[in-house]
Amino acid sequence: DVLSKLANQQYILINLLLSPVLALFMAYFVRYYNTIGVENPIYTFYNNYNVPVYFFMSVVVALFIGLIVSAEEIFRDRKILKRERYLHLSKSSYLVSKIFVLFTLSAIQTLTFILVGNLIIEIPLTEMRYWLVLFSCSCFANMLGLNISSAFDSAVTIYILIPILIIPQLLLSGVVISFDKFNPKVGTPSGIPVLGEIMASRWAFEALMVTQFKDNPFEAQFYELDKQRALSEYKRVYYLPALESKLAYCLSHRNKWRDANDEKMTSSLTLLKSELENELKVVGREQFPEVDRLAIGKFDSIIYVKTSAFIGSLKNYYKQQVTAAMVEKEKFVAQLTSTPEAMESFNELKMASQNKAVSDMVENANDPTRIVEWDGELIQKIYPIYFDDHRPHNRLDFTGNFFIPTKHFLGRIYPTIYFNIAMIWFMIIILYVTLYYEVLKKLVHALETRRKYRAKDKNN
C-alpha cells in the first residue's frame with residue numbers, strides 16, 4: 001500500500017509538472033522576432049508569426065494531456081468495479097467522482113500551461129477565456145480517455161490508441177489542411193465538413209483565434225468600423241461585380257429568357273433574385289420593387305436596365321460606407337494619438353495586443369479566392385472575421401465558414417467563443433452518456449465476438 005500511494009503521488013506530480021514544462025518548451029521556440037539585419041532586435045507580440053502555431057499546439061497539448069491522464073483510469077479499477085457491481089453500488093457515483101478528480105487536475109494543468117506559455121509569448125494574463133477554452137478541450141479529452149479505458153482490456157492497446165485519436169484532431173482542425181482545400185467528396189466551399197464539426201480541436205482553435213483578434217484591447221476599439229469598411233469593400237469589389245457578371249450572361253442569352261428548361265439561365269436569375277432580395281433588407285424593398293421579375297418568363301430588357309441601375313446604386317452606397325468608416329477611424333485614431341505620449345501609448349498597445357499573423361489568418365488575406373458560387377448562393381471567403389450575413393436553413397443550422405465572429409442557433413446570434421465552448425461541453429455530455437452506458441465497450445466486444453465466430457467458422 002505504501003509503494004502504491006508513493007507511486008500514485010509521483011504520478012500526480014509528474015502530470016502537474018508536465019503542462020508548465022511543455023508550455024516552457026513550446027513557447028520558447030515559437031517566441032519569434034526578426035534578427036536579420038537588425039542591430040537591436042526587440043520582441044513584440046504583434047510581429048510574432050508563430051502565434052497561430054502556439055494556439056494550435058496549445059489545443060493539441062490540452063488534448064494530449066487530457067488523454068494520457070485519463071486513458072488508464074477505469075482500466076486500473078477493474079477489480080474495484082467488479083466488486084462494486086457485485087454489491088450493487090452506484091455506478092454514477094463512481095464515474096462522477098472519477099470525472100471530478102480528472103477535471104480538477106485538468107483545470108490545474110491548463111492553468112499552469114496558460115500562465116507559463118502566455119507569459120513567455122506576452123499574451124496578457126487578464127484574458128482568462130483562453131484558459132476556459134483549453135480547460136474545456138482537456139475535459140473533452142478526459143471523457144474520451146475514460147471511454148477507451150472502459151472499452152479495452154489491454155493497457156498497451158489503450159496507449160496505442162492515444163496517438164490514433166489525436167491524429168484526426170490534427171487533420172480535421174482546419175489548420176493542417178484548410179477546410180476549403182478538403183477533398184470535394186467530404187468538404188464544400190460553404191461551411192465546415194461534418195467530420196470537422198465533431199472535432200474539439202476545430203472549435204477550440206477557432207475560439208482562440210477569433211477572440212484574440214476581435215477582443216484584444218487594441219482591435220476592440222476599431223472592430224465595428226473595420227467591419228463596416230471590410231464588408232462594404234467586399235460588396236463593392238467582389239460581390240456586386242459577381243452579380244453584374246450573372247446579369248451580363250442573362251443579357252447575352254436573350255433567346256433563353258422564356259426557356260424554363262435552361263438550367264443555367266434559371267439558376268442565374270434565381271441567384272440574382274435571392275441575392276438582391278437580401279440586399280433589399282438593408283436598403284429597403286422600395287429601392288427595387290421589380291426584384292420579383294428576375295425569373296424565367298418575367299425577365300426582359302426593361303428589368304435588365306433597372307437591375308443594372310440598382311446594382312450601380314448599391315456600388316455607390318457601399319463606396320460611401322467604405323469612405324465613412326475610414327474617415328471615422330482616422331478621426332478616432334487622431335484623437336488617440338493627439339500627443340507624442342499618446343502616440344507612443346497607442347503604438348505600444350498595438351504591439352502588445354494585436355498580432356499580424358492572426359489578423360492575416362482570420363481575414364483570409366492570403367487566399368486568392370475572395371468569393372465562390374455554391375448551391376445557388378454567393379459565398380464570402382474574404383474577411384470571415386467580419387461576417388454577419390447569417391442565412392440559416394433552419395433554426396438548428398449553426399454552420400458557417402471558419403473564423404466567423406458569431407454563430408446562429410435557435411433564432412439567436414451568439415459570440416463564437418461562447419458558442420464553441422458550449423459545443424465542446426455538449427460533446428463532453430455525449431461522451432459521458434456513452435461512458436455510462438458503455439457504448440464503446442459493447443461495440444468493441446460485439447466486434448471481437450463476431451471476429452471469433454468468423455475464425456471458428458473458417459476452422460470448421
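Just so it is clear, the model here is predicted, and its values are computed rather than measured. We count residues from 1, following the sequence as given.
Residues Leu22 and Ile65 form a side-chain contact, since some pair of their non-hydrogen atoms from C-beta on lies under 4.5 Å apart. The shortest distance between side-chain heavy atoms of Lys298 and Leu294 does not fall below 4.5 Å. For the pair Phe213 and Glu363, the minimum side-chain heavy-atom distance is below 4.5 Å. Taking 4.5 Å as the limit, every side-chain heavy atom of Leu208 sits out of range of all side-chain heavy atoms of Trp203. Looking only at side-chain heavy atoms (C-beta outward), Phe179 and Arg202 come within less than 4.5 Å of each other. Side-chain contact check for Cys250 versus Tyr304: every heavy-atom pair is 4.5 Å or farther apart. In this structure, the side chains of Lys407 and Ile413 stay at 4.5 Å or more apart for every pair of heavy atoms.
For Thr110, the side chain to side chain contact (heavy atoms under 4.5 Å, CB included) partners at least two apart in sequence or on another chain are Trp131, Leu134, Phe135, Ser138. Residues passing the side chain to side chain contact (heavy atoms under 4.5 Å, CB included) test with Ala141 are Leu63, Leu67, sequence neighbours excluded. For Phe426, the ring-ring contact (aromatic ring centres under 6.0 Å, His included) test picks out no residue, with sequence neighbours left out. Remark: Thr157 pairs with Phe152, Ser154, Leu161 by the side chain to side chain contact (heavy atoms under 4.5 Å, CB included) rule, at least two apart or across chains. For Tyr223, the ring-ring contact (aromatic ring centres under 6.0 Å, His included) partners at least two apart in sequence or on another chain are Tyr386. Phe29 is linked by a ring-ring contact (aromatic ring centres under 6.0 Å, His included) to Phe25, counting only residues two or more places apart in sequence or in another chain. Looking at residues two or more places apart in sequence or on another chain, you find a ring-ring contact (aromatic ring centres under 6.0 Å, His included) between Tyr249 and His253.
Considering every non-hydrogen atom in both Phe45 and Asn355, the closest pair reads O-ND2, 2.7 Å. What you find for Ile371 and Leu378 is that their closest heavy atoms are CD1-CB, 3.9 Å. Looking at every heavy atom in both residues, Thr416 comes nearest to Thr406 through OG1-N, 3.2 Å. For the residue pair Leu102 and Asn142, the shortest heavy atom distance occurs at O-OD1, 3.5 Å. Nearest heavy atom pair, residue Val210 against residue Ile404, reads CG2-O, 4.0 Å. Across every non-hydrogen atom of His408 and Asn394, the tightest pair is CE1-O, 4.2 Å.
A side-chain N or O of Asn47 and one of Thr44 form a donor-acceptor pair less than 3.5 Å apart. For the residue pair Asn364 / Lys381, no side-chain donor-acceptor distance below 3.5 Å is found, with atom types taken as modelled. Checking Asn34 against Tyr49 by side-chain atom types alone, no donor-acceptor pair falls below 3.5 Å. Using modelled atom types, one finds no donor on one side chain facing an acceptor on the other under 3.5 Å when comparing Tyr238 with Gln380. For the residue pair Lys356/Asn48, the side-chain donor-acceptor check at 3.5 Å is not satisfied. A donor-acceptor pair shorter than 3.5 Å can be found between the side chains of Tyr239 and Glu275. Side-chain contact check for Asn420 and Glu206: at least one donor-acceptor pair (N or O, by modelled atom type) lies under 3.5 Å.
A salt bridge is defined here as a Lys NZ or Arg NE, NH1 or NH2 lying under 4.0 Å from an Asp or Glu carboxylate O, and Asp397 with Arg391 fails to meet this definition. Looking at Lys235 and Asp389, no side-chain N of the basic residue comes within less than 4.0 Å of a carboxylate O on the acidic one, giving no salt bridge. Between Glu373 and Lys246 there is a salt bridge, since a side-chain N of the basic residue sits under 4.0 Å from a carboxylate O of the acidic one. For the pair Asp262 and Lys264, the salt-bridge criterion is not met [side-chain N within less than 4.0 Å of a carboxylate O]. With salt bridges taken as basic N to acidic carboxylate O contacts below 4.0 Å, one links Lys273 and Glu277. Residues Glu244 and Lys315 are paired through a salt bridge, judged by an N-O separation under 4.0 Å between the basic side chain and the carboxylate. Ion pairing between Lys214 and Glu219 fails under the 4.0 Å rule for side-chain N and carboxylate O.
Going from atom CG of Leu144 over to atom SG of Cys139 covers 12.5 Å, rounded to the nearest 0.5 Å. Rounding to the nearest 0.5 angstrom, the gap separating the CG atom in Leu243 from the OG atom in Ser308 is 11.5 Å. Annotation: the span from Phe75 atom CZ to Leu146 atom CG amounts to 14.0 Å, rounded to 0.5 Å. In this structure, CD1 in Ile99 is found 11.5 Å from CD in Glu73, a value given to the nearest 0.5 Å. Atoms OG and CG, from Ser232 and Leu314 in turn, are 11.0 Å apart once rounded to the nearest 0.5 Å. We find the CD1-CG distance between Ile192 and Asn401 to be 7.5 Å, quoted to the nearest 0.5 Å.
Residue Glu286 qualifies as enclosed at atom CD: its count of foreign heavy atoms under 6.0 Å is above 12. Counting non-hydrogen atoms of neighbouring residues, nucleotides and ligands closer than 6.0 angstrom, the CE atom of Met326 reaches no more than 12 such neighbours.
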Checklist line | Intermediate values then yes/no, side chain to side chain donor-acceptor pair (under 3.5 Å), Asn147 and Ser150 | finding: CA-CA 5 Å; Asn147 271 270; Ser150 170; over 6 Å; no
Notebook entry, point to check: Can you check side-chain contact (heavy atoms from CB on, under 4.5 Å) on Phe288 and Glu279, steps first, answer last?
Noted result: CA-CA 10 Å; Phe288 185 46; Glu279 289 299 304; over 6 Å; no
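Aromatic ring centres of Phe55 and Phe205 lie farther apart than the 6.0 Å criterion allows. Aromatic ring centres of Tyr234 and Tyr383 lie farther apart than the 6.0 Å criterion allows. Checked against a 6.0 Å centroid threshold, the rings of Phe387 and Phe403 do not count as neighbours.
Screening residues 342-373 for ring pair (Phe, Tyr, Trp, His ring centres under 6.0 Å), with sequence neighbours left out, gives Phe218-Phe346. The side chain to side chain donor-acceptor pair (under 3.5 Å) pairs that include a residue from residues 319-333 are Asp226-Lys329, Gln228-Gln321, where partners are two or more places apart or lie in different chains. Sorted by first and then second residue, the pairs that involve residues 95-118 and meet ring pair (Phe, Tyr, Trp, His ring centres under 6.0 Å), not counting sequence neighbours, are Phe103-Trp425.
A cation-pi arrangement is not found for Arg293 relative to Phe299, the charged atom failing to lie both closer than 6.0 Å to the ring centre and inside a 45° cone about the ring normal.
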Quick one: side chains of residues 164-171, donor-acceptor pairs under 3.5 Å with protein atoms, not counting sequence neighbours, listed by atom name and distance.
residue: Gln169; atom: OE1; partner: Ala200; partner atom: N; Å: 3.3
residue: Gln169; atom: OE1; partner: Ser201; partner atom: N; Å: 3.1
residue: Gln169; atom: OE1; partner: Ser201; partner atom: OG; Å: 3.1

Without placing hydrogens or testing angles, list every side-chain donor-acceptor pair under 3.5 Å for residues 333-344, not counting sequence neighbours.
residue: Thr337; atom: OG1; partner: Val333; partner atom: O; Å: 2.7
residue: Ser338; atom: OG; partner: Gln335; partner atom: O; Å: 3.4
residue: Thr339; atom: OG1; partner: Ala342; partner atom: N; Å: 3.0

